[in-house]
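Just follow the structure's listing: the first ligand is 1, and inside any ligand the first atom is 1. Numbering starts at 1 and runs along the sequence shown.
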Amino acid sequence: MSADSSSLSIARASYREIPLYSAPAEPCELDVSDNTNLYGVPPSALRALSEPPSAAVTRYPAQYALELKAAIADYVGARPEQIVTGCGSDDVLDSAIRAFAEPGDRIAHSAPTFAMIPIFARLNGLTPVPVPLKKDWDADVDGLLAAKARIIYLCSPNNPTGTVISPEAIARIVREAPGLVILDEAYIEFAREDLKVQLSGERVLVTRTLSKAFGLAGLRIGYAVGAPAVVAEVEKSRGPYKINSLAERAAVAALRNDLAWVRERAEDVRRNRARLTEALKGLGLSPLPSAANFVLVPVPDAARIGQRMREKGVAVRAFVNLAGVGDALRIGLGPWEILEKVLSRLAEVLR
Ligand SMILES: *Cc1c(COP(=O)(O)O)cnc(C)c1O
């Protein structure tokens with residue numbers, strides 16, 4: 001998007017410098033660029049989408065998705081009043097930022113991290129303060145706290161590095177932060193077996209999504225878990241009717257009936273993660289240690305390599321000059337038959 005497309009004089013002035021988010025999205029034979037589920041849709045969710053009752057289309061959806069909240073509460077080991085849902089966790093993150101900081105405040109986040117965070121920050125009038133990850137990929141706790149930010153955002157496993165933040169670092173930030181701590185666990189199903197939310201308190205909001213492990217990115221379902229008083233503020237900021245009826249039906253079906261499907265695919269991702277990491281090392285590369293459903297691998301001139309792979313029918317996400325990493329490719333994980341093809345194309349391009 002060109003910058004001058006947003007220079008309309010009647011528009012909000014602070015939006016002029018904010019670009020429209022756009023990841024390269026031309027269709028490609030094999031697309032492992034966006035970390036969505038390469039195994040497809042969980043079966044009960046798919047069934048729930050075929051032949052829905054007409055009221056699910058004609059009438060308004062539930063204002064605050066109570067049935068979905070109940071299903072999520074069981075999944076994460078919390079009570080429904082500790083859950084807020086949204087149109088993707090993007091919506092939950094945006095709403096939380098708006099609810100817990102005033103325009104002019106700061107939000108501190110590790111860098112590199114989820115590309116939407118600085119955008120949501122600026123859309124809500126906040127100044128994003130990036131704090132580089134440490135050499136061992138852990139969060140720089142002192143740096144984050146020194147920003148004296150109204151909100152601290154952490155992402156673990158982190159996108160795009162795939163690395164995790166240590167429990168000690170998270171605990172200290174939660175203890176010492178002056179305001180809200182958002183812990184983004186979009187990839188938690190690929191990192192650990194126990195999916196109960198482990199953090200609690202009046203300052204913590206844990207966000208998650210059905211877009212990755214649950215294979216429902218197109219339905220836009222995200223959620224957060226926190227103390228009821230915290231969640232109530234996010235819900236106020238989010239507003240009613242955000243979860244559409246079909247998405248709610250499918251999401252509830254998946255959470256109630258497809259957990260074994262999700263778990264088995266997450267296990268396959270873990271196996272293939274180890275295998276792909278070894279294979280990349282065999283090509284002389286040094287992939288980062290990932291706990292997510294993708295691997296970030298530094299390469300020289302990532303934009304050119306990404307383009308050449310695209311010409312060979314494989315879309316990976318290329319990053320140019322990432323803080324602390326340099327140029328790198330992010331490769332989404334899925335069935336080994338797919339990864340084999342990605343590997344062989346990468347080997348051809350690197351040769
Ligand atoms: C994919 C992703 C999300 C989720 O997005 P949805 O809006 O729920 O699809 C959130 N955080 C991170 C770090 C992600 O990579």
Report summary line: Quick look: Asp90 vs ligand 1, heavy-atom contacts under 4.0 Å, and the answer is both
Query raised in the report: Looking only at heavy atoms, is any part of Arg220 under 4.0 Å from ligand 1, and if so is it the side chain, the backbone, or both, or is it neither?
Result: side chain
Requested in this report: Please identify each residue that fulfils side-chain hydrogen bond (donor to acceptor under 3.5 Å, both in side chains) with Asn257, with sequence neighbours left out.
Outcome: none
Report summary line: Among non-hydrogen protein atoms, atom 4 (C) of ligand 1 lies closest to Ser89 OG, 3.1 Å
Requested in this report: Starting from atom 15 (O) of ligand 1, find the nearest protein heavy-atom neighbour and note its residue, name and distance.
Outcome: Tyr187 OH, 2.6 Å
Report task. Could you tell me if any non-hydrogen atom of Ala217 lies under 4.0 Å from any atom of ligand 1? Result -> no
Query raised in the report: How far does CZ of Arg330 sit from OG1 of Thr161, to the nearest 0.5 angstrom?
Result: 10.5 Å
Query - Side chains of Ser44 and Asp258, donor plus acceptor under 3.5 Å - result: yes
Report task. Check whether any side-chain heavy atom of Leu343 sits under 4.5 Å from a side-chain heavy atom of Leu280, and report yes or no. Result -> yes
Requested in this report: Please determine if Asn35 has a nitrogen or oxygen closer than 3.5 Å to a nitrogen or oxygen of ligand 1.
Outcome: no
Report summary line: Here the side-chain hydrogen bond (donor to acceptor under 3.5 Å, both in side chains) pairs for residues 270-294, sequence neighbours left out, are Glu193-Arg270, Asp268-Arg271, Asp268-Asn272
**Report entry** Proximal atoms of ligand 1 relative to Gly88 (non-hydrogen, under 4.0 Å)
**Finding:** 6 (P), 7 (O), 8 (O)
Requested in this report: Would you check if the distance from the ring center of Tyr64 to the ring center of Tyr241 is below 6.0 Å?
Outcome: no
**Report entry** Numbered atoms and elements of ligand 1 in range of Cys155, under 4.0 angstrom, heavy atoms
**Finding:** 13 (C)
**Report entry** Where ligand 1 meets Asn159 - atom numbers and elements under 4.0 angstrom, heavy-atom basis
**Finding:** 13 (C), 14 (C), 15 (O)
Report summary line: atom 12 (C) of ligand 1 sits nearest the protein heavy atom Asp184 OD2, 3.5 Å
Query - Cationic N near anionic O, under 4.0 Å, Lys212 to Glu189 - result: no
Requested in this report: Find all atoms of ligand 1 within a distance of less than 4.0 Å from any non-hydrogen atom belonging to Ser211, and give their numbers and elements.
Outcome: 6 (P), 8 (O), 9 (O)
Query - NZ/NE/NH1/NH2 to OD/OE distance under 4.0 Å, Asp74 and Arg256 - result: yes
Query raised in the report: Which of the atoms in ligand 1, numbered in the order shown and given with their element, are less than 4.0 Å from a heavy-atom of Lys212?
Result: 1 (C), 2 (C), 3 (C), 4 (C), 14 (C), 15 (O)
